[in-house]
Amino acid sequence: LRLDLDSDSPFELVIRQLSTIALRKIATLLCQQLRPRNPTVVATACFKTTIMADAPTREGLEAAVAQQGAVVRDMKKAKAPTADIKAAVAELLQRKQALADLITLEAGPVFDKDGFEDLMKRRFFYAPAFEIYGGVAGLYDYGPSGCAIKANLIDAWRKHFVLAENMHEIACTAMTPHYVLEASGHAERFADVMVKDLKTGDCHRADHLLEDKMQELIGDSKTTAAEAAEYEKIVLMADSYSKEELHAMFEQYQIKSPTTGNDLSEPVDFNMMFGTQIGPTGHLAGFLRPETAQGIFLAFKRLYEFNNYRLPFAAAQIGTAFRNEISPKAGLLRVREFEMAEIEHFVDPEDKTHRRFKDVADLEVPLYSASSQANGKPPIKMKLGEAVAQKIIDNESVAYFVGRIYLFCQHIGVDETKMRFRQHLPTEMAHYAADCWDCELRTSYGWVECVGCADRSCYDLEQHAKASKMPIQASIALKEPVVEDVVAIEADKRAVGKAFRKQAQLVFAHFAAMDNAQAEAFEAKIKEGPVTVTVEGQDFEIQPEWIKVTKKQVKIFERKFTPSVIEPSFGLGRLLYSLLEHSYECREKDAQRVWLKLAPPIAPVKCSLLPLSNSDAFDPYLDEIAALLTRAGVSVRRDDSSASIGKRYARTDEIGIPFGITVDFDTEKDRSVTLRDRDSMEQVRLPIDAVAAIVADLSVANTTWNEVSAKFAAPEAGSA
């Protein structure tokens, strides 16, 4: 049987005439044979096969296998004729094969990871750092193409968020004193759970081993649909389990070291921050920052003043962060040094609306809510306005940034079929967080968190205010002043200073921070005699004669509060890697000709410049065009090697260059060149004087290839 995948109708007519078993067998063979080629064609073929055959479900096939197995056992027990038993066994094997074929189809086309990784290394997108010494796990260098893509990604991020949202961008130091990260909670809680190989001492991250075991069980043909659903739920919750829960699951599923098969230790916490010392004395301990956010929080007062004391406003920062990962793997997805881009949107905790929410309210986004995860339901596309109205997303500000993140991912070329926004489960959510959603992208490693969007409430600013003893607040003028009763505790400065000396300021600050109820309760106690107050772990005995309680009415003209923070946080390395995987393609009629379908704004180079031959007569034209492109802000790569024009096109396609200009013998006659589109491989002919402006517009999506090809004629020689 021969199927013509380039034509829809013959393929459809043929498969309508086949049985379910034959359909599944053919589809399986298609998956196996076409894996090195275009994954889209395979997925389409498999999808059509499944729909048109109206095939049984996995649950139905599992039941059919179990039923036929019981028939075979009963026949053997009853000593039925051998021929009948053989026929029953043959039917059982056929049903088992149908189930195995269905599992293969559900797995979908296999991503050619070997080919992809070969391309990444061969064209030096990125490579292990210190490679000639054997490399260090979790550390990578970016090559010319990878570095250019990262720079373009950052440029696109700045334009989409910092410029479009009028954010304030700052740059803070990576070296952070220990007391800052103690106040934020990182010094105590920034840890992953680790297990050790009891014989070799090798360390592994516990939740990752649990996830790998669950994926292994999900892929087992003996696993039922109900069991697979349970294992999927464990995968989702793996990083939220406690050490005790992980230990119990390791015992239940007999999880061993993945490299040696040895027994593992009980899970323990491992703090992932890189420690260091600041200054030559070693008296000031510090850390390399594990995130960029803390610098923005500490700069809030200056940013608030810079913004003319108005809320809401957002600050942004792009910079390097460091995490001492237990067992880094999966290439750029889990590394020890990486680039982050973070936004802190400061807002009144009593008003989390967003003035531009209407711009994204009708945007449909794939949402994977906590309730859907808990009930085993898939993500659903929903308008953000509806999600807020139904309280699936907590507030407009969170939903607005979810929408902006979705649009940004669209702009940079993320495959929308491999994107979802997953809400944190209650067991994952920080105790202070109001809501949290992760933008996850599907890769060959599974679903990967690339962007987080969290409502962190007032936690961070309150922690730093408490630790620094400096108020970090904003205020909003009231439309009408409010008269309030105020109860104030005034302590005798001389007496308290004499009694507690340097610690006296702690006592004064303690009384100043009391609200009316606390002040009245203290007044009642002090009337009965000395009262001991505890401040920062120290006890102070307060004598009644030191205290004066005053009650008065004051007019309040403003409301003071600690702002809440909405935090979109981007892992640029993860985004970059996911984009590369999503862009990896093979030409339909040439499995060896791989290319990257990178969006023009993200592509490392926008245009290639190729002479048809090595004729010296082409050099003036090449120099002129290169200068025109450079003045237009278009990056260009010139390839005047002796390779054929087809091979040079293939080389530029491999690194994702979206457009190519070819200078040929007609250029000398009429000063025209051919412009080639990478995706369609179509070409048009146009004047040299027009080409730079057109490529510039194509590179920033101000025009499309279809518009250009409609305006200019195709070259007579055809496309390469």
Result block: side-chain N/O donor-acceptor pairs under 3.5 angstrom for residues 197-207, not counting sequence neighbours:
from: D197; atom 1: OD1; to: K199; atom 2: N; distance (Å): 2.9
from: D197; atom 1: OD1; to: T200; atom 2: N; distance (Å): 3.1
from: D197; atom 1: OD1; to: N262; atom 2: ND2; distance (Å): 3.2
from: D197; atom 1: OD2; to: T200; atom 2: OG1; distance (Å): 3.3
from: D197; atom 1: OD2; to: S257; atom 2: OG; distance (Å): 3.2
from: D197; atom 1: OD2; to: T260; atom 2: OG1; distance (Å): 2.5
from: D197; atom 1: OD2; to: N262; atom 2: ND2; distance (Å): 3.3
from: T200; atom 1: OG1; to: D202; atom 2: N; distance (Å): 3.2
from: T200; atom 1: OG1; to: D202; atom 2: OD2; distance (Å): 3.2
from: R205; atom 1: NE; to: D207; atom 2: OD1; distance (Å): 2.7
from: R205; atom 1: NE; to: D207; atom 2: OD2; distance (Å): 3.3
from: R205; atom 1: NH1; to: D192; atom 2: OD2; distance (Å): 2.9
from: R205; atom 1: NH2; to: D207; atom 2: OD2; distance (Å): 3.1

R334 and S327: side chain donor to acceptor below 3.5 Å: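 No, no side-chain donor-acceptor pair sits under 3.5 Å.
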
Side-chain donor-acceptor pair present, W157, D155, cut-off under 3.5 Å: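 No pair is found: no donor N or O on one side chain lies under 3.5 Å from an acceptor on the other.
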
Derivation of the side chain to side chain contact (heavy atoms under 4.5 Å, CB included) call for V193 and F270: CA-CA 6 Å; V193 182; F270 173 76; over 6 Å; no

Before we go on, tell me: are the rings of [X] and [Y] under 6.0 Å apart, centre to centre?
{"X": "F287", "Y": "H178", "result": "no"}
{"X": "Y577", "Y": "F116", "result": "yes"}
{"X": "Y142", "Y": "F125", "result": "no"}
{"X": "F111", "Y": "Y584", "result": "yes"}

Lys/Arg-Asp/Glu bridge criterion (N-O < 4.0 Å) met for [X], [Y]:
{"X": "E325", "Y": "R336", "answer": "no"}
{"X": "R638", "Y": "D640", "answer": "yes"}
{"X": "K329", "Y": "D212", "answer": "yes"}
{"X": "R404", "Y": "E165", "answer": "yes"}
{"X": "R158", "Y": "E169", "answer": "yes"}
{"X": "E585", "Y": "K597", "answer": "no"}
{"X": "E581", "Y": "R442", "answer": "no"}
{"X": "K121", "Y": "E131", "answer": "no"}

Please report the interatomic distance [atom1]([X]) to [atom2]([Y]), rounded to the nearest 0.5 Å.
{"X": "T427", "Y": "D239", "atom1": "OG1", "atom2": "CG", "value": "8.5 Å"}
{"X": "L407", "Y": "C409", "atom1": "CG", "atom2": "SG", "value": "9.5 Å"}
{"X": "K243", "Y": "D269", "atom1": "NZ", "atom2": "CG", "value": "4.0 Å"}

Intermediate values then yes/no, side chain to side chain contact (heavy atoms under 4.5 Å, CB included), L264 and L209: CA-CA 11 Å; L264 297 166; L209 295 190; 3.7 Å; yes

Criterion side chain to side chain contact (heavy atoms under 4.5 Å, CB included) on D118 and V594, from CA distance to verdict: CA-CA 11 Å; D118 174 69; V594 298; over 6 Å; no

Option among V414, L575, L333 that satisfies the side chain to side chain contact (heavy atoms under 4.5 Å, CB included) test with C450: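 It is L575, the one option of V414, L575, L333 that forms the side chain to side chain contact (heavy atoms under 4.5 Å, CB included) with C450.
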
Side chain to side chain donor-acceptor pair (under 3.5 Å) evaluation trace for S184 with Q463: CA-CA 6 Å; S184 67; Q463 289 296 104; over 6 Å; no

cation_pi(R676, Y649) dist<6.0 Å, angle<=45: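 Ring-cation test returns yes.
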
R422 to W447 six-membered ring, cation-pi geometry met (6.0 Å, 45°):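 No, a cation-pi geometry is absent between R422 and W447.
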
Crowding at NZ, K196 (>12 non-hydrogen neighbours, <6.0 Å):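 Count not over threshold, so no.
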
D460: side chain to side chain contact (heavy atoms under 4.5 Å, CB included) partners, not counting sequence neighbours: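 So D460 forms a side chain to side chain contact (heavy atoms under 4.5 Å, CB included) with Q294, F297, R456.
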
Full working for side chain to side chain donor-acceptor pair (under 3.5 Å) between E416 and Y406: CA-CA 9 Å; E416 293 182 48; Y406 179 79; 2.8 Å; yes

Minimum-distance pair of heavy atoms, taken over all atoms of A603 and N152: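 Looks like O-ND2, 2.7 Å.
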
From CA spacing to verdict: side chain to side chain contact (heavy atoms under 4.5 Å, CB included), T276, M175: CA-CA 9 Å; T276 187; M175 191 76 70; 3.3 Å; yes

R587, R648, K647 screened by salt bridge (Lys or Arg N to Asp or Glu O under 4.0 Å) with D653, the one that passes: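 It is R587; the other options fail the test.
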
